[in-house]
Chemist: 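One structure, as C-alpha cells, below. Some questions next.
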Amino acid sequence: MQTENKKKRRAGKKEQFKRQRRQELGLLDLTMDDEHILPVEMPAFELRKAENKGLGLFAIRNIEPGERLIQEAPLFILPKVDTMNAAIVESFINLRPEQRVAYLKLSFHDTCSANQEYEAGGTSAAEEGTWTSTKVEDPGTPDDGIADPPQQDDRRSCASEMQPLPPKVLDSDLEIGKSCRLPNWDDGRGDQSPEEQHKLELPESEATSCSPVHESRVDSPVQGSDETTTIWNVDGLKEALVPDSSDEEHQEQDSEKCKMTDSLAARIINIWRTNSYMLDDGIDLDYAGIGPIAARLNHSCIPNVYTAYNSTSGYITVQAIQPIVAGDELCTAYINGADKLRSERRAQLCMWGFECTCIACADGYDESRRREIKSLQAKVEEVKEKLLKNDIAVPAAQLEQTVGDLLDLATLMSDEGLLGPNLADICFGAARCCNLINRPEEAGALQSSGFGILLRGYGIDNPICFAALQAGDLDEA
Ligand SMILES: C[S@@+](CC[C@H](N)C(=O)[O-])C[C@H]1O[C@@H](n2cnc3c(N)ncnc32)[C@H](O)[C@@H]1O
C-alpha cells in the first residue's frame with residue numbers, strides 16, 4: 001500500500017516536472033488551445049476490406065506528404081509498463097456504450113503460447129535513443145529517495161517513433177467461456193467467431209476469488225474458470241456489464257447487457273494488445289492507447305503514413321510521409337524495421353499474427369540496401385553513445401567520418417523509401433557532428449532538413465517539433 005502511494009507521489013511529481021519543462025519551452029502556451037491544433041481537411045480515406053489483412057484504410061484522393069489524415073482521442077490510455085489485464089477490462093467498462101461497440105469491432109490476433117514478454121524485437125533503449133535534439137529533455141525527478149521501478153520494454157525509438165504495442169500472447173491450451181456477440185459485429189474477418197478467437201487458460205486461484213485490479217497484469221494469464229457465466233471480478237464491472245436479464249438472445253443484441261464472461265474479457269485484452277499504440281510524448285514512453293480509426297491501419301515495412309501522439313492535445317495523429325495516390329492503402333510501420341532484414345522483421349511481426357507481404361518482404365527483393373543501413377547504423381551507434389555521454393570527447397577525425405556515414409545512411413533510407421522521423425534523427429545527428437567540427441552552415445542545412453522531415457510526420461502542433469526547433473536554435477546560438 002505504502003509502495004503504491006509512493007509510486008503515485010512519484011508519478012505526480014514527474015508529471016509536474018514535465019509540465020514545468022514544457023512551460024519553459026513555451027509549449028503549453030502554443031499548443032494547449034484548439035486554435036493551434038492542425039485541422040484535418042476533407043476526408044482522405046475509406047475503411048474497406050484489404051486483401052488478406054482484414055480491413056484497412058484506403059486513400060480516396062491523392063494525398064501530399066505532411067497532410068494530417070487522422071486526429072483522434074484514444075478511447076482510453078493505460079501505463080505501458082505493467083499494464084494489468086484487469087485495468088484493460090476496467091477501462092473498457094468505463095467507456096460509453098457506443099465506444100464499447102467501436103472497441104469490440106476492432107480486430108485482434110488470436111493469441112497463442114503463454115509467457116512471452118512485450119518485446120517486439122529486442123531493440124534496447126540505448127539502440128533506439130535519439131542523437132540530440134528531437135526529444136523534449138526530461139528534466140529528471142529530484143532525488144526523493146524512491147527508487148525507479150524497473151522499466152520493462154522501454155522501446156523509445158529514434159525520433160520518437162510511435163509503434164503499436166506487439167500483441168501479448170496468452171495461453172491457448174484451454175478454451176473457456178463464450179463471448180457475447182455484439183451488435184454490428186463485423187471485423188472484416190467473418191471466418192472467425194469470437195469463440196474461435198478466444199483460447200486461454202486461467203489460474204484457479206484467481207478464478208474463484210475476487211482479486212484486486214492490480215494483481216492481474218498483462219503478462220499474467222487471464223483469470224476465470226470453465227464456467228461460461230463466470231463474472232470478472234473487477235470493481236464496477238458487475239454494475240456496468242452484468243445483465244439485468246438472463247435472456248441470452250437479448251444479451252447478443254446489446255453490448256450494455258452483456259455478461260463479462262472470461263472470453264469477452266480475453267477479447268478485450270487481445271484487442272488492446274493488437275491495436276494499442278505507444279504514446280510517445282518525447283520524454284517517456286509511459287502510456288499506450290487505442291485510436292479506433294488509427295487502429296485500422298495495416299502494417300508496411302515501407303510505410304506511407306506516420307502515427308504519432310500529441311501529448312498536449314491528447315490526440316493520436318496520422319500524417320502522410322509519402323505522396324499517396326487515390327486507391328493506395330495507408331500503411332504505418334508497426335515496428336522500427338529500417339535496419340532489419342526481412343527475416344528479422346518477420347520474427348517481430350509474427351506477434352501480430354501475419355506475414356508481411358509488402359514490397360520489401362517480397363521474394364526476390366534486393367536486401368543489400370537494408371544490409372548497408374544495418375551496418376552503418378551499428379557503426380554510428382558508438383559515436384552516438386559517446387556524444388550522449390557529454391563527458392566523452394570524440395576525436396574530430398571520427399566526427400568527420402560519422403558525418404559521412406550519417407549522410408550515406410540518410411541517402412540509403414530515402415532510397416529505400418523510409419521517410420519517417422527516423423530519418424530526421426539521422427539529419428540531427430549529422431548536424432550535431434557538423435557543429436562540433438565547426439561546419440555550422442552544413443549543420444544548419446541538416447537541422448532544417450531534419451526539421452522538415454519531423455514536421456511531415458508529426459505536424460507543427462506537436463511538442464516534439466517545438467522541442468526540435470528549440471534545440472536547433474540553441475545549437476545555432
Ligand atoms: C491494428 S490491426 C489493423 C487493422 C485490421 N486489419 C482490421 O481489420 O481491423 C492489426 C491486424 O491487422 C492485420 N494486418 C496488419 N498489417 C498486415 C499486413 N501487412 N499483412 C497482413 N495482415 C496485416 C493483422 O491481422 C494484425 O493483427
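Just so it is clear, the values below take in all heavy atoms, side chains as well, and ignore hydrogens, waters and symmetry mates. Counting starts at 1 for both ligands and their atoms, in listed order.
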Chemist: Where's the contact between Tyr334 and ligand 1, heavy-atom distance under 4.0 Å: side chain, backbone, both or neither?
Modeler: side chain
Chemist: Is the CD1 atom of Ile359 crowded by more than 12 outside heavy atoms at less than 6.0 Å?
Modeler: no
Chemist: Give me the ring orientation class for Phe76 and Trp272: parallel if the planes are under 30° apart, tilted from 30 to 60°, perpendicular past 60°.
Modeler: parallel
Chemist: Check whether any side-chain heavy atom of Asn275 lies under 4.5 Å from a side-chain heavy atom of Tyr103, and answer yes or no.
Modeler: no
Chemist: Got an N/O contact under 3.5 Å between Thr357 and ligand 1?
Modeler: no
Chemist: N/O to N/O below 3.5 Å, does that happen between His109 and ligand 1?
Modeler: no
Chemist: Compute whether any side-chain donor of one residue and acceptor of the other, for Tyr315 and Tyr309, lie under 3.5 angstrom apart.
Modeler: no
Chemist: If you measure every N/O of Trp352 against every N/O of ligand 1, is any gap under 3.5 Å?
Modeler: yes
Chemist: Got an N/O contact under 3.5 Å between Glu355 and ligand 1?
Modeler: no
Chemist: Any N or O of Leu297 that comes nearer than 3.5 Å to an N or O of ligand 1?
Modeler: no
Chemist: Look at the side chain of Asn94 and the backbone N and O of Glu90, then say whether any donor-acceptor pair between them is shorter than 3.5 Å.
Modeler: yes
Chemist: Would a line drawn from the ring center of Phe451 to the ring center of Phe428 be shorter than 6.0 Å?
Modeler: no
Chemist: For ligand 1, indicate whether the residue Asn52 contacts it via side chain, backbone, both or neither (heavy-atom separation under 4.0 Å).
Modeler: backbone
Chemist: Which of the atoms of ligand 1 are close to Arg296, meaning less than 4.0 Å from one of its heavy atoms?
Modeler: 4 (C), 7 (C), 8 (O), 9 (O)
Chemist: Can you sort out which atoms of ligand 1 are near Thr274, meaning under 4.0 Å from one of its heavy atoms?
Modeler: 1 (C), 10 (C), 27 (O)
Chemist: So between Ala295, Cys361, Gly54, whose heavy atom ends up nearest atom 2 (S) of ligand 1?
Modeler: Ala295
Chemist: Tell me which donor-acceptor pairs under 3.5 Å the side chains of residues 407-415 have, and how far apart each pair is, sequence neighbours excluded?
Modeler:
from: Thr411; atom 1: OG1; to: Leu407; atom 2: O; distance (Å): 2.9
from: Ser414; atom 1: OG; to: Ala410; atom 2: O; distance (Å): 2.9

Chemist: Under a 3.5 Å cutoff, is there a donor and acceptor pairing between the side chains of Asn336 and Asn422?
Modeler: yes
Chemist: Measuring from atom 21 (C) of ligand 1, which candidate in Lys53, Glu51, Lys49 has the nearest non-hydrogen atom?
Modeler: Lys53
